[in-house]
Amino acid sequence: MITQLLKLDPPYNIICGRNKIAKHVATFIVADIKYDKEYRLVEIGGKDYPVGGPDMKTYSFPVVEYGDGSPAGDVWNDVEVRECRVIAKAPKDDGSPTRIWSSWFCETLRFLHNDEYGATQTPLTLYEQLKSLHVDVDKMGTFGDPKRVEVELEFNDSEDVSSIDSATGSELFFTAAYATGNERQKEEKLSLVLRWAAQYIRILNVLIVFTTKAEPYQEMLAEWNEALEKAAKQYNERK
């Protein structure tokens, strides 16, 4: 086994993977070399062909620095570089923050939740981690004029798992899943969706209007929309 530390040059990338976010400062490369058989020539159809010899596999792990004042050098040994996503370039030395579009912020949240290992990120936790790395998110609305965003929610039921998801093409990302038939979990996940909406209001300055084709939930969403309209108004009055 051969290892090598590849140091990267600034500006570094801010990356995410496996529910983690950090500055990518180096890559730890591991080469695993195995010898299947001795290298030899085998005659096939009157021609000699080489077979056997070394079989090499390489793995690249991010070496990162978090934005909480901790030193650089933590290795993400459970995720390779190819499995990560670049969120933004790290800020310049002058301290000015890097800015990303609200759409990329939501897409990053979607990426984290689509990870096969699951995710616990909410809009607020993602925003706070980005802020600690001096990455800011552009708001969708302006002071006194929040942007109205319609989000269609889909309520999907299967034998084992039910889910609440924002429809494809929605500007904001929502997702929550619970065991089918478990009413306590269902209420918790409905509350989670509403909390996410409240967080989006503060982060992006939006007025969220939920819609759905599922009739049993339309009255509930109408009540949510009234509460969210008040929350958006209060947020803009307090700023």
Side-chain angles (χ1 to χ4, degrees), residues 16-21 78-79 83-85 87 100-132 137 139-141 146-236:
C16 64
R18 298 281 168 89
N19 210 20
K20 296 174 287 192
I21 300 168
D78 60 345
V79 58
E83 299 173 284
C84 298
R85 169 170 289 190
I87 302 175
I100 62 173
W101 293 103
S102 55
S103 57
W104 191 240
F105 173 79
C106 293
E107 184 57 34
T108 299
L109 188 60
R110 186 192 308 275
F111 172 80
L112 289 167
H113 277 266
N114 285 343
D115 190 289
E116 62 179 306
Y117 289 83
T120 57
Q121 293 283 356
T122 70
L124 184 59
T125 59
L126 173 58
Y127 178 72
E128 289 177 340
Q129 289 184 58
L130 290 174
K131 289 286 282 185
S132 71
V137 183
K139 294 187 180 296
M140 299 175 72
K147 180 180 178 181
R148 187 179 189 274
V149 179
E150 287 193 12
V151 178
E152 180 183 347
L153 291 182
E154 297 177 341
F155 296 84
N156 304 301
D157 296 320
S158 66
E159 185 177 349
D160 299 317
V161 179
S162 296
S163 65
I164 310 163
D165 300 289
S166 49
T168 302
S170 297
E171 290 186 82
L172 303 178
F173 172 69
F174 291 86
T175 187
Y178 58 93
T180 300
N182 189 320
E183 291 301 317
R184 181 184 60 80
Q185 282 190 11
K186 179 179 179 179
E187 290 301 318
E188 288 176 353
K189 297 306 180 180
L190 286 169
S191 296
L192 176 65
V193 171
L194 189 56
R195 288 199 301 274
W196 275 36
Q199 292 172 14
Y200 277 129
I201 288 173
R202 297 195 299 273
I203 297 168
L204 303 178
N205 194 12
V206 287
L207 170 59
I208 299 174
V209 179
F210 284 121
T211 65
T212 186
K213 294 183 176 69
E215 291 186 7
Y217 299 97
Q218 290 176 354
E219 184 177 345
M220 178 193 72
L221 294 188
E223 295 175 357
W224 282 14
N225 290 338
E226 288 184 12
L228 293 172
E229 184 176 5
K230 292 179 182 177
K233 182 179 179 180
Q234 291 172 355
Y235 171 77
N236 280 270

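Just so we're clear, the structure is a prediction, and the values are computed from it rather than from any experiment.
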Between the side chain of [X] and the main-chain N/O of [Y], is any donor-acceptor distance below 3.5 Å?
X	Y	value
Gln185	Ala179	yes
Thr180	Val161	yes
Lys139	Ile203	yes

Are [X] and [Y] close enough that some pair of their side-chain heavy atoms sits under 4.5 Å apart?
X	Y	value
Arg195	Thr122	no
Leu130	Thr108	no
Tyr127	Arg202	no
Cys84	Val79	yes
Glu171	Val151	no
Tyr235	Pro146	no
Val137	Leu204	yes
Phe173	Phe111	no

Test side chain to side chain contact (heavy atoms under 4.5 Å, CB included) on Leu228 and Leu194 and set out the steps.
CA-CA 9 Å; Leu228 293 172; Leu194 189 56; 4.1 Å; yes

Distance check, rounded to the nearest 0.5 Å: [X] atom [atom1] versus [Y] atom [atom2]?
X	Y	atom1	atom2	answer
Asn19	Gln129	CG	CD	7.5 Å
Glu128	Ile21	CD	CD1	11.0 Å
Lys230	Glu226	NZ	CD	6.5 Å
Leu109	Gln121	CG	CD	7.5 Å
Asn156	Ser162	CG	OG	8.5 Å
Leu112	Thr125	CG	OG1	8.5 Å

Quick one: sort the Phe174 and Trp196 rings into parallel, tilted or perpendicular, breaks at 30° and 60°.
tilted

Worked check of salt bridge (Lys or Arg N to Asp or Glu O under 4.0 Å) between Arg110 and Glu107
CA-CA 5 Å; Arg110 186 192 308 275; Glu107 184 57 34; 3.3 Å; yes

Step by step, work out the side chain to side chain contact (heavy atoms under 4.5 Å, CB included) result for Phe155 and Leu190.
CA-CA 11 Å; Phe155 296 84; Leu190 286 169; 4.0 Å; yes

State whether the number of non-hydrogen atoms from other residues, nucleotides or ligands found under 6.0 Å of Glu152 atom CD is greater than 12.
yes

Criterion ring-ring contact (aromatic ring centres under 6.0 Å, His included) on Phe210 and Tyr217, from CA distance to verdict:
CA-CA 10 Å; Phe210 284 121; Tyr217 299 97; over 10 Å; no

Does the pair Glu229 and Leu207 meet the rule for a side chain to side chain contact (heavy atoms under 4.5 Å, CB included), with working shown?
CA-CA 6 Å; Glu229 184 176 5; Leu207 170 59; 3.9 Å; yes

So which of Arg184, Glu188, Glu183 actually passes side chain to side chain contact (heavy atoms under 4.5 Å, CB included) with Lys186?
Glu183

Side-chain H-bond candidate by donor/acceptor type, Asp165 with Thr175, under 3.5 Å:
yes

Which heavy atom of [X] sits nearest to which heavy atom of [Y], and what is that distance?
X	Y	result
Leu192	Ala176	CD2-CB, 4.3 Å
Ile100	Ile87	CG2-O, 3.9 Å
Lys189	Ala177	CE-O, 3.1 Å

Test side chain to side chain contact (heavy atoms under 4.5 Å, CB included) on Met140 and Leu172; report intermediate values, then the result.
CA-CA 11 Å; Met140 299 175 72; Leu172 303 178; 4.1 Å; yes

